[in-house]
Amino acid sequence: MDVKLIRRLENVVSRLEALSAGGGVPRGFAAEDGADLASDPAIVAFDDLMSNSLGRVSDVAGMIGDKVLEATEVLVEAFSAFRGLLIKVKHTQKPNTEGLADFLKPLNEVMMKANALTEGRRSDFFNHQKTIVDSLAALGWIAYTGKDCGMSLPIAHVEESWQMAEFYNNKVLVQYRNKDPNHVEWAKALKELYIPGLRDYVRSFYPLGPVWSAVAKASVSTPKKAPVPGGPALPPPPPAPLFSTGSPQASSSSSSRPKEGMSAVFQEISSSNITAGLRKVTDDMKSKNRKDRTSVVSTAEKELRVSSPGFSKTGPPKLELQMGRKWIVENQIGKKNLVIDDCDAKQSVYVFGCKDSVLQIQGKINNITIDKCTKTGIVFKGVVAACEVVNCISVEVQSQGSAPTISVDNTTGCQLYLSKESLEASITTAKSSEINVLVPASTAEGDWGEHALPQQFVHIYKDGQFVTTPVSHSGG
């Protein structure tokens with residue numbers, strides 16, 4: 001171990017010893033304030049976490065050295081800045097959005113410094129660096145201001161943040177499991193720092209977020225104008241409460257003025273007749289006395305309610321190539337001469353919402369998907385991957401070339417015409433009925449052979465497993 005590495009390790013240990021001895025009072029507070037907080041249970045517990053769990057990570061990083069020690073030093077710096085925020089919380093009123101950004105600035109600066117470690121060309125210790133960078137997000141629980149702030153509760157936030165970092169931490173464990181025990185010990189120590197270390201600390205002292213001071217000794221959001229030298233700046237006045245009764249003098253002076261806000265609303269409610277504008281319901285207007293009541297649904301209304309689930313009427317018709325890779329055929333109605341001729345094996349075709357139409361694909365395509373179509377025919381030269389029929393009613397699909405896979409899902413009525421090149425296709429059906437497959441005859445003069453795919457199955461438990469066979473119907 002060289003002299004430079006020993007000095008860096010001694011600096012890390014010196015910081016931890018200073019923090020555990022009660023140091024690290026943030027700038028801007030008097031010395032007596034830091035002395036008072038040295039015995040605060042939350043601060044004492046955090047110092048123990050740093051000296052024990054974080055100290056263990058630093059010790060192992062010192063034995064590894066190189067980029068791992070550099071990243072661990074940033075981790076120590078982040079926890080030191082976080083300790084300063086914990087002390088600052090006890091002197092500060094709950095800030096607004098702008099004030100919260102100023103409050104978190106010391107921690108954000110260290111996080112930006114950590115992010116710089118993973119930028120540029122990856123080092124051999126990228127997984128170590130990335131683990132530390134992602135784990136620092138767990139310290140962000142101190143920004144929790146309530147259920148409407150968009151964050152999880154502090155305990156859940158710590159756990160979720162570590163789950164993000166654990167992906168790279170596990171990579172370290174796998175990479176050095178049989179190579180270097182120091183790296184394995186470092187990864188385990190880092191996990192224990194957060195889970196259960198930081199998580200249990202938050203659970204014990206801040207389960208619902210930071211506890212801000214009721215009376216601020218120092219304002220978080222700095223004023224626009226520079227403070228007058230020679231004395232501390234006065235804190236801003238607290239906001240007026242919504243339902244404030246005020247002092248007797250204020251009440252007497254404001255009695256002559258009209259009330260504003262919620263007071264005016266309550267005064268109007270109490271002084272007016274709320275039901276004055278309501279219309280009286282007579283007997284003939286009641287549902288039980290109405291003569292036009294009927295339980296028969298008219299034919300027109302029934303036709304409006306019952307619509308085809310396989311056809312969408314929304315959207316303009318489309319037949320276009322998007323991004324040079326995908327043909328889109330949508331909402332075509334009554335078009336019998338749709339043709340795609342300029343295509344290649346790298347492109348795919350997506351047919352959606354068509355009715356009473358026929359599409360010809362004059363070339364081999366990579367993939368074809370037919371979705372929510374009714375009474376539509378598709379003819380294609382061949383596919384590289386698969387032809388899929390989904391959510392359709394009464395469709396016909398004809399393959400003139402090879403088709404390795406054909407799948408039919410949630411479809412009622414589908415005629416599949418196979419060519420000699422596609423006889424070995426794998427056909428998969430699910431939640432579908434009335435599926436017929438037509439295959440060419442062995443001779444040119446012969447007729448097509450039609451085969452119905454079963455849609456009912458019998459499952460029998462036999463020899464420790466279920467045996468499934470299609471239902472066969474025979475005439476007596």
Side-chain angles (χ1 to χ4, degrees), residues 16 19-20 24 26 37 39-58 71-72 74-97 99-101 103-111 114-115 130-173 186-214 220:
L16 294 174
L19 289 170
S20 62
L37 291 173
S39 59
D40 186 277
I43 303 301
V44 172
F46 192 77
D47 289 342
D48 291 340
L49 177 67
M50 292 186 64
S51 60
N52 296 327
S53 300
L54 183 58
R56 180 186 167 199
V57 179
S58 299
T72 305
V74 177
L75 176 69
V76 174
E77 186 178 351
F79 270 76
S80 300
F82 186 79
R83 183 185 186 275
L85 297 183
L86 289 177
I87 297 177
K88 199 172 182 180
V89 162
K90 299 182 179 296
H91 295 273
T92 309
Q93 281 186 325
K94 186 176 181 179
N96 53 19
T97 304
L100 185 62
F103 172 79
L104 296 173
K105 187 175 180 180
L107 183 60
N108 288 334
E109 290 176 350
V110 182
M111 288 186 173
N115 288 328
K130 190 63 175 174
T131 302
I132 288 181
V133 171
D134 290 351
S135 69
L136 290 180
L139 300 178
W141 68 262
I142 200 169
Y144 182 83
T145 56
K147 62 181 181 179
D148 297 328
C149 69
M151 292 177 55
S152 302
L153 284 168
I155 299 174
H157 178 80
V158 173
E159 293 175 341
E160 292 168 1
S161 300
W162 174 250
Q163 288 175 0
M164 193 168 49
E166 193 172 20
F167 173 78
Y168 294 96
N169 198 58
N170 289 337
K171 283 190 173 184
V172 176
L173 291 172
W186 181 89
K188 291 181 179 179
L190 185 63
K191 180 177 181 179
E192 292 178 3
L193 171 64
Y194 290 97
I195 307 293
L198 182 62
R199 180 196 62 190
D200 291 351
Y201 171 78
V202 174
R203 177 179 291 147
S204 300
F205 297 98
Y206 303 101
L208 300 178
V211 182
W212 302 91
S213 174
V220 173

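Note: hydrogens, waters and symmetry copies are ignored here, and every other heavy atom, side chains too, is used.
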List for me each residue that meets side-chain contact (heavy atoms from CB on, under 4.5 Å) alongside Ala101, sequence neighbours excluded, and say none if there are none. none
Pair Val76, Ser58 - check side-chain contact (heavy atoms from CB on, under 4.5 Å), show working. CA-CA 8 Å; Val76 174; Ser58 299; 3.4 Å; yes
Where at least one partner belongs to residues 134-144, residue pairs that pass salt bridge (Lys or Arg N to Asp or Glu O under 4.0 Å), sequence neighbours excluded: Lys130-Asp134
To the nearest 0.5 Å, atom NZ of Lys188 lies from atom CZ of Arg56 at 8.5 Å
Can you list everything that forms a salt bridge (Lys or Arg N to Asp or Glu O under 4.0 Å) with Glu160? Sequence neighbours excluded, please. none
Among Val44, Leu49, Ile43, which one satisfies side-chain contact (heavy atoms from CB on, under 4.5 Å) with Asp47? Ile43
Verdict with supporting geometry, Ile132 and Val74, side-chain contact (heavy atoms from CB on, under 4.5 Å): CA-CA 9 Å; Ile132 288 181; Val74 177; 5.5 Å; no
Spell out, as yes or no, whether a donor-acceptor pair under 3.5 Å connects the side chain of Thr92 to the backbone of Val89. no
Rounded to the nearest 0.5 angstrom, the CG-NZ distance for Leu85 and Lys90 is 12.5 Å
Can you tell me how far the CG atom of Leu100 sits from the NZ atom of Lys94, to the nearest 0.5 Å? 9.5 Å
Output a table of donor-acceptor pairs, distance under 3.5 Å, between side-chain atoms of residues 196-205 and any protein atom two or more places apart or on a different chain; print 'none' if there are none.
unit_1: Asp200; atom_1: OD1; unit_2: Arg203; atom_2: NH1; d: 3.3
unit_1: Tyr201; atom_1: OH; unit_2: Ala42; atom_2: O; d: 2.9
unit_1: Ser204; atom_1: OG; unit_2: Asp200; atom_2: O; d: 2.9

Output for pair (Leu75 CG, Ser135 OG), nearest 0.5 Å, gives 6.0 Å
Is there a side-chain contact between Asp40 and Ile87, using heavy atoms and a 4.5 Å cut-off? no
Pairing residues for Lys191 by the salt bridge (Lys or Arg N to Asp or Glu O under 4.0 Å) criterion, not counting sequence neighbours: Glu166
Sub-4.5 Å side-chain heavy-atom contact between Ser80 and Met50: yes
Side-chain contact test, heavy atoms from C-beta onward, threshold under 4.5 Å: evaluate it for Lys147 versus Leu153 and give yes or no. no
Looking at Ala81 and Val110, what are the two nearest heavy atoms and their distance? CB-CG2, 4.3 Å
Which is it for Leu107 and Leu136 under the side-chain contact (heavy atoms from CB on, under 4.5 Å) test, yes or no, and what are the steps along the way? CA-CA 9 Å; Leu107 183 60; Leu136 290 180; over 6 Å; no
List for me each residue that meets side-chain contact (heavy atoms from CB on, under 4.5 Å) alongside Val133, sequence neighbours excluded, and say none if there are none. Ala114, Asn115, Thr118
I'd like to check Ile142 versus Pro210 (side-chain heavy atoms, cut-off strictly below 4.5 Å). Are they in contact? yes
Contact list for residues 139-167, test ring-ring contact (aromatic ring centres under 6.0 Å, His included), sequence neighbours left out: Phe82-Trp141, Trp141-Tyr206, Trp162-Tyr194
At what distance, to the nearest 0.5 angstrom, does OG1 of Thr131 lie from CG of Asn169? 5.0 Å
Determine the minimum heavy-atom distance between Pro207 and Pro154, stating which atoms define it. O-CD, 3.5 Å
Could you work out, with side chain to side chain donor-acceptor pair (under 3.5 Å) as the rule, every residue matching Gln163, not counting sequence neighbours? none
